[in-house]
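Below is one structure, written out as structure tokens; comments come after it.
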Amino acid sequence: MPENQTVYMPPQPFVDKALMREPLVYKQDALDFWEDRARELDWFEPWRKTLDWNPPFATWFAGGKLNASYNCIDRHLNTWRKNKAAIIFEGEHGDTKVYTYKDLHREVCRAANVLLRLGANKDEVVTIYMPMIPETVIAMLACTRIGVPHSVVFGGFSANALLGRINDAGSKILITCNGAYRKGRILPVIENVHAALEQENTIETVVIYNRVNRDPELVYGRDYLYTSLRANASNECPPVPMNADDPLFVLYTSGTTGKPKGVVHSTGGYLTGVAATQKYIFDLKDDDVYWCTADLGWISGHSYVAYGPLLNGATMVMYEGGPEYPDKYQWWRIIEKYGVTILYTSPTAIRNFIKWGDKYPQKHDLSSLRLLGSVGEPISPDAWEWFHRVVGGGRCPIVDTWWQTETGMIMLSPVPALTPLKPGSCTKPFPGVSAAVLNEEGNPVAPGEKGFVGVTQPWPAMLKTLYKDDERYVNTYWKQWDKPYYFAGDGATIDEDGYVWIEGRVDDVINVSGHRIGTNELESTLAQHEAVAEAACIGVAHEIKGQVPVAFLVLKEDYFPTQTLIDALHELITEQIGKFSQISEFIFTAELPKTQSGKTIRRILQNVAEGNDDFGDITTLANPDSLEDLRKYLGNKLL
Ligand code: WT7
């Protein structure tokens with residue numbers, strides 16, 4: 001929390017036309033508020049009870065029936081939006097494609113019919129391993145049309161990470177593609193799939209979209225090209241009415257153990273929370289051109305690329321690649337080309353732009369922008385100010401949105417016409433959300449004190465449970481306090497005005513470029529190498545990525561820290577998890593500092609990794625010798 005806080009009042013021209021501009025909305029009863037929001041969706045059957053709360057299990061809108069793909073597509077077809085652009089896709093090669101709502105309807109129906117023919121049913125999860133292309137959204141919506149939960153695995157995950165998620169979900173059908181364009185190269189998507197499926201797995205059928213015009217090798221009887229399956233599929237497929245509480249999807253996220261958690265989201269509650277936050281936080285209107293740069297493989301891509309915009313009948317831009325390909329003008333070129341009005345991105349991207357320099361955004365006409373958003377990590381006041389001034393031309397409110405895979409929807413955020421902004425703060429809970437910064441006892445902290453982010457009342461898009469693991473759900477999120485409060489795992493402070501300032505994770509999870517990685521996952525991967533006796537990973541601050549992992553390694557006897565070993569360990573991380581979680585530095589030591597009970601003292605490692613030779617209180621240290629190598633390392637580093 002900075003000493004001097006600047007406050008930006010909502011700009012009047014923005015306020016005059018905003019969708020949510022009545023401050024009383026913050027005073028409305030939460031359940032009434034969410035009922036009103038649920039009514040903005042189309043239901044086949046109304047719900048009987050808004051909330052059934054049996055802590056920590058919630059059922060939202062019990063008795064109600066609806067369908068996600070119907071709400072994202074069909075309900076717009078009876079309006080003028082029928083031929084409105086839903087997705088404007090820009091490929092890395094400058095190829096473009098527009099899907100109207102009518103086009104989406106046809107393609108989603110066809111894909112749903114293909115899935116039905118392949119035997120997809122609501123008791124099984126379909127895994128989707130695809131890049132940033134509209135066909136990924138089509139595959140997701142096709143699943144929801146027939147009531148089958150999907151599990152999208154981020155395209156940057158390795159074959160092994162994919163395999164683990166397929167098997168945990170027990171998927172029999174995998175939807176993927178023959179490759180993807182990334183930074184001018186072709187990503188080996190189908191090759192990863194084949195590598196994964198060489199090991200024991202539950203998959204019976206693989207459906208392969210064509211993105212890169214290459215003929216993939218097909219395993220007879222298992223692999224099918226989507227184009228040939230689509231050819232015989234009908235354009236009509238009735239949406240299946242789903243119970244509000246039926247699972248809509250599973251999304252794996254890193255936890256504090258090596259095993260990823262399958263976060264399960266419901267249909268009615270999730271769609272209600274996402275539709276409302278999308279509409280009111282982004283002030284999303286029919287003439288907007290909305291662009292969220294997140295990948296579909298993460299929750300931001302699920303909630304604010306796939307579901308949120310389509311539920312609201314919006315026009316969105318989708319870009320296949322990253323911000324530096326073909327050159328560093330790319331994002332600004334896209335904003336100018338399509339007249340993007342709302343840009344939702346990450347602090348990592350913003351820090352990159354700052355480093356590259358103002359000339360890139362300044363070369364393009366960005367005057368169409370009217371609202372900016374940030375998500376994934378704390379944004380520093382400096383980065384916020386830069387985003388506001390250079391990209392937003394000083395006229396666009398910025399919504400700094402705090403939320404998680406588990407919360408499904410944005411929880412803490414300004415409502416742009418109502419909330420004065422303070423750079424670096426995600427401000428306050430959204431109407432209908434009860435979140436607070438709590439102390440160890442579960443009471444709100446006083447201004448200036450540190451505490452933990454907790455959610456004190458259920459919210460509609462909350463996770464239902466962890467896939468087939470209610471026990472881990474209860475233990476991970478609901479045991480921090482003796483009260484039925486959700487523990488988010490983030491530390492924060494609150495200021496005199498009740499504004500929340502997020503400090504970051506307080507568990508063994510690090511946030512690399514907005515991607516959550518469990519240090520345990522890295523450690524158990526490194527420990528698989530024959531040379532490694534013990535590994536401990538720590539997140540350290542990084543100017544662009546926010547945080548990067550540093551690994552402390554104890555080698556087995558007769559093994560030495562050579563470049564060959566380091567290369568092999570990098571390779572192992574890439575193979576088992578994915579390149580994006582690469583270790584930034586290896587620090588070799590004869591022993592890790594431990595307590596009497598044998599627990600690694602991570603605080604000391606944190607200091608070492610940050611180049612700090614003051615180890616603080618070391619009275620609990622059982623093996624003082626362990627500090628020798630660490631001091632030596634620091635000595636060399638500080639020279
Ligand atoms: C963690 C959740 C939500 C989509 C992307 C990440 C951090 C998220 C903010 C923000 C500060 C933030 C938290 C949170 N985080 N948004 N606006 N300010 N920190 O989803 O992978 O589930 O990660 O991201 O630490 O716990 P995720």
Side-chain angles (χ1 to χ4, degrees), residues 1 152-154 156-157 250-256 260-263 265 270 273-274 277-278 281 292-308 344-351 372-381 383-384 387 398-414 419 421-430 435 437 452-455 461-463 466 476-477 480 486-493 499-518 521 539 541 545-547 578 580-581:
M1 184 162 62
V152 180
V153 177
F154 171 55
F157 274 118
V250 181
L251 181 59
Y252 285 89
T253 186
S254 292
T256 51
K261 302 180 286 197
V263 171
H265 280 290
Y270 173 83
V274 167
T277 46
Q278 176 80 70
I281 292 174
C292 167
T293 64
D295 193 282
L296 286 160
W298 308 110
I299 192 68
S300 328
H302 282 59
S303 299
Y304 300 108
V305 179
Y307 293 107
Y344 188 28
T345 191
S346 68
T348 290
I350 295 165
R351 288 189 296 262
L372 304 173
S374 166
V375 62
E377 313 149 66
I379 179 167
S380 70
W384 195 104
F387 196 33
I398 298 181
V399 288
D400 175 0
T401 61
W402 178 93
W403 58 295
Q404 308 179 302
T405 306
E406 292 86 344
T407 69
M409 63 181 224
I410 296 169
M411 302 293 278
L412 299 168
S413 166
T419 319
L421 305 174
K422 295 188 189 183
S425 167
C426 58
T427 75
K428 296 176 175 197
F430 183 70
V437 182
F452 307 102
V453 180
V455 188
M462 67 193 280
L463 73 166
L466 293 177
T476 311
Y477 304 110
Q480 177 78 5
Y486 169 85
F487 176 63
D490 276 21
T493 57
Y499 276 45
V500 178
W501 298 77
I502 303 285
E503 304 202 319
R505 305 287 308 187
V506 293
D507 51 9
D508 295 333
V509 168
I510 62 180
N511 189 330
V512 181
S513 306
H515 301 155
R516 228 156 100 180
I517 300 166
E521 216 172 322
K545 298 180 178 179
Q547 279 188 309
F580 66 94
S581 55

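Just follow the structure's listing: the first ligand is 1, and inside any ligand the first atom is 1.
- Counting the atoms of ligand 1 from 1 in the order shown, those under 4.0 Å from a heavy atom of Ile502 are 11 (C), 19 (N).
- A parallel orientation is assigned to the rings of Tyr477 and Tyr486, their planes being inclined by less than 30° (bins at 30° and 60°).
- Using a 4.0 angstrom heavy-atom cutoff, Trp403 counts as in contact with ligand 1.
- When only non-hydrogen protein atoms are considered, atom 10 (C) of ligand 1 lies nearest to Glu377 O, 3.5 Å.
- At least one N or O atom of Gln404 sits closer than 3.5 Å to an N or O atom of ligand 1.
- Remark: the backbone N or O of Ser374 is not paired with any side-chain donor or acceptor of Thr345 at under 3.5 angstrom.
- The protein non-hydrogen atom at the shortest distance from atom 6 (C) of ligand 1 is Gly514 O, 4.1 Å.
- Of all protein heavy atoms, the one lying nearest to atom 16 (N) of ligand 1 is Gly376 N, 3.1 Å.
- Among all protein heavy atoms, the one lying closest to atom 22 (O) of ligand 1 is Thr405 OG1, 2.5 Å.
- At the top of the distance list for atom 14 (C) of ligand 1, counting protein heavy atoms only, stands Asp490 OD2, 3.5 Å.
- For Thr277 (side chain) and Val274 (main-chain N/O), a donor-acceptor pair under 3.5 Å exists by modelled atom type.
- Only backbone heavy atoms of Thr401 (N, CA, C or O) come within less than 4.0 Å of ligand 1; its side chain stays farther off.
- A donor-acceptor pair is defined here as one N or O able to donate and one able to accept, closer than 3.5 Å; such a pair exists between the side chain of Ser254 and the backbone of Arg516.
- For the residue pair Thr401/Tyr344, the side-chain donor-acceptor check at 3.5 Å is satisfied.
- The parts of Pro378 lying near ligand 1 are both backbone and side chain, judged by heavy-atom distances below 4.0 Å.
- The shortest N or O to N or O distance between Glu406 and ligand 1 is not under 3.5 Å.
- Of the possible polar contacts, none joining the His515 side chain to the Asn511 backbone as a donor-acceptor pair under 3.5 Å is found.
- For ligand 1, the atoms closer than 4.0 angstrom to any heavy atom of Asn511 are 7 (C), 24 (O).
- His265 and Tyr270 have tilted rings, their planes meeting at an angle from 30° to 60° on a 0 to 90° scale.
- Nearest heavy atoms, Ala435 versus Pro429: O-CG, 3.5 Å.
- Residue contact check: Arg516 has heavy atoms under 4.0 Å from atoms 2 (C), 21 (O), 22 (O), 23 (O), 27 (P) of ligand 1.
- Short contacts between ligand 1 and Ser300, defined as distances under 4.0 Å to a heavy atom of the residue, involve ligand atoms 4 (C), 5 (C).
- Between Thr253 and ligand 1, not a single N/O pair is under 3.5 Å apart.
- Residue Lys422 places its NZ atom among more than 12 non-hydrogen atoms of other residues, nucleotides or ligands, all under 6.0 Å distant.
- The two residues Pro414 and Ile398 have their closest heavy-atom pair at CG-O, 4.0 Å.
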